[in-house]
Structure formats: structure tokens, C-alpha cells
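Structure first, commentary second.
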Amino acid sequence: MAKTLKRTAAFRALFQALTAGSRGGPSLGKRLAALPRMIRATTRGEYDGGLRLAMMTAATAYVLSPIDLAPELVLMLFGLADDALMVTWLAGAVLAETERYLAWEARRETVIPGRVVT
């Protein structure tokens with residue numbers, strides 16, 4: 001379960017979410033509403049999304065940061081392309097991870113809390 005989110009999986013999830021509409025997956029509203037719960041469960045140690053959440057936070061900071069690897073003022077189109085690529089990856093990663101979290105949350109509701117006694 002602790003596989004890291006790969007770039008292709010993030011892009012695939014973004015493509016599926018944008019083209020699928022309501023083909024059985026969670027809606028965009030449900031995914032976005034799950035984001036604060038996912039962050040809360042991760043910080044409490046209940047959900048194993050720490051590394052993925054850290055990667056998404058780093059990507060958000062990179063996009064919002066005025067310091068770039070490829071500055072827009074110097075490289076114009078190429079400077080914007082790295083930001084566009086990062087935003088695309090970030091959108092796909094958020095969609096994939098919130099879908100994974102919603103599935104985890106649904107499974108968790110069927111588990112009775114307690115300890116196993118042998």
C-alpha cells in the first residue's frame with residue numbers, strides 16, 4: 001500500500017477524472033471535500049499518505065514560489081512550461097490520492113476498533 005505515487009499514475013488519474021465525468025468514481029466535489037480529512041488523518045498517523053502529501057505540498061510551494069528552476073522572465077515559454085507540468089502533475093496527484101483516501105475511508109467504516117486477542 002505504501003507505493004509512491006508515480007508521475008504516470010498521476011497523469012492517468014487526471015486524464016480519467018477529466019474525461020470520465022461520473023463513470024463510477026467519486027465526483028470532484030467529494031474529492032476536494034475529502035482533502036482536509038485526508039490531511040487530518042495523515043497528521044494523526046491514521047492514514048499512510050505522509051510522503052505523497054509532502055510531495056504535493058512541495059509541488060504547491062514550487063508553483064507558488066517566486067524562485068523557479070526555469071525563470072519565466074528569462075526563458076519565457078519554457079519557464080511557464082515547467083510550472084504547467086508541475087500543476088498538471090499536482091492535479092493528477094491530488095485526484096489519485098483523494099480517490100485512494102476515499103476508498104481507505106470506506107473500508108475503515110467496516111472495521112470494528114479494538115484489539116485482536118489470541
Side-chain angles (χ1 to χ4, degrees):
M1 279 302 303
K3 291 199 272 184
T4 59
L5 187 62
K6 296 190 179 186
R7 185 179 324 147
T8 55
F11 286 129
R12 188 176 322 120
L14 175 62
F15 179 75
Q16 287 174 347
L18 292 176
T19 59
S22 60
R23 287 193 302 171
S27 68
L28 186 59
K30 284 184 182 179
R31 291 173 194 246
L32 293 177
L35 202 52
R37 294 193 315 269
M38 181 180 74
I39 293 169
R40 196 175 317 113
T42 301
T43 57
R44 289 181 183 164
E46 299 168 355
Y47 181 66
D48 69 343
L51 178 60
R52 290 176 294 278
L53 199 56
M55 290 171 43
M56 290 185 274
T57 302
T60 302
Y62 177 78
V63 170
L64 297 178
S65 170
I67 301 170
D68 260 350
L69 292 177
E72 284 82 7
L73 292 175
V74 177
L75 300 175
M76 303 252 185
L77 186 61
F78 294 112
L80 292 174
D82 73 321
D83 286 342
L85 184 65
M86 190 63 69
V87 167
T88 304
W89 177 85
L90 181 60
V94 167
L95 291 174
E97 191 58 27
T98 52
E99 183 170 356
R100 183 175 172 269
Y101 172 77
L102 287 169
W104 172 82
E105 198 174 45
R107 284 191 313 271
R108 186 172 181 222
E109 290 175 359
T110 62
V111 175
I112 299 171
R115 294 185 287 143
V116 175
V117 180
T118 56

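The residues of the chain are indexed from 1 along the displayed sequence.
Looking at every heavy atom in both residues, L53 comes nearest to M38 through CD1-CE, 4.0 Å. Heavy-atom minimum distance, W89 versus A59: CZ3-CB, 3.7 Å. Taking each heavy atom of P36 and A33 in turn, the nearest pair found is CD-O, 3.3 Å. Here the closest heavy-atom approach between residue G49 and residue T42 is recorded as C-CG2, 3.8 Å.
The backbone N or O of L95 lies less than 3.5 Å from a partner atom in the side chain of R31, making a donor-acceptor pair.
Hydrophobic clustering, with ILVMFWY side chains joined whenever heavy atoms are under 4.5 angstrom apart, keeps L102 apart from I39.
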Quiz item: Given the rule in the side-chain contact (heavy atoms from CB on, under 4.5 Å) test, do L35 and T98 qualify, once you have shown the distances and angles that lead to the verdict?
Solution: CA-CA 6 Å; L35 202 52; T98 52; 3.9 Å; yes
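Identified under the salt bridge (Lys or Arg N to Asp or Glu O under 4.0 Å) test for residues 37-46, with sequence neighbours left out: R37-E105, E46-R108.
Checking Y47 against R52 by side-chain atom types alone, no donor-acceptor pair falls below 3.5 Å.
Residues passing the side chain to side chain contact (heavy atoms under 4.5 Å, CB included) test with T88 are F11, L14, sequence neighbours excluded.
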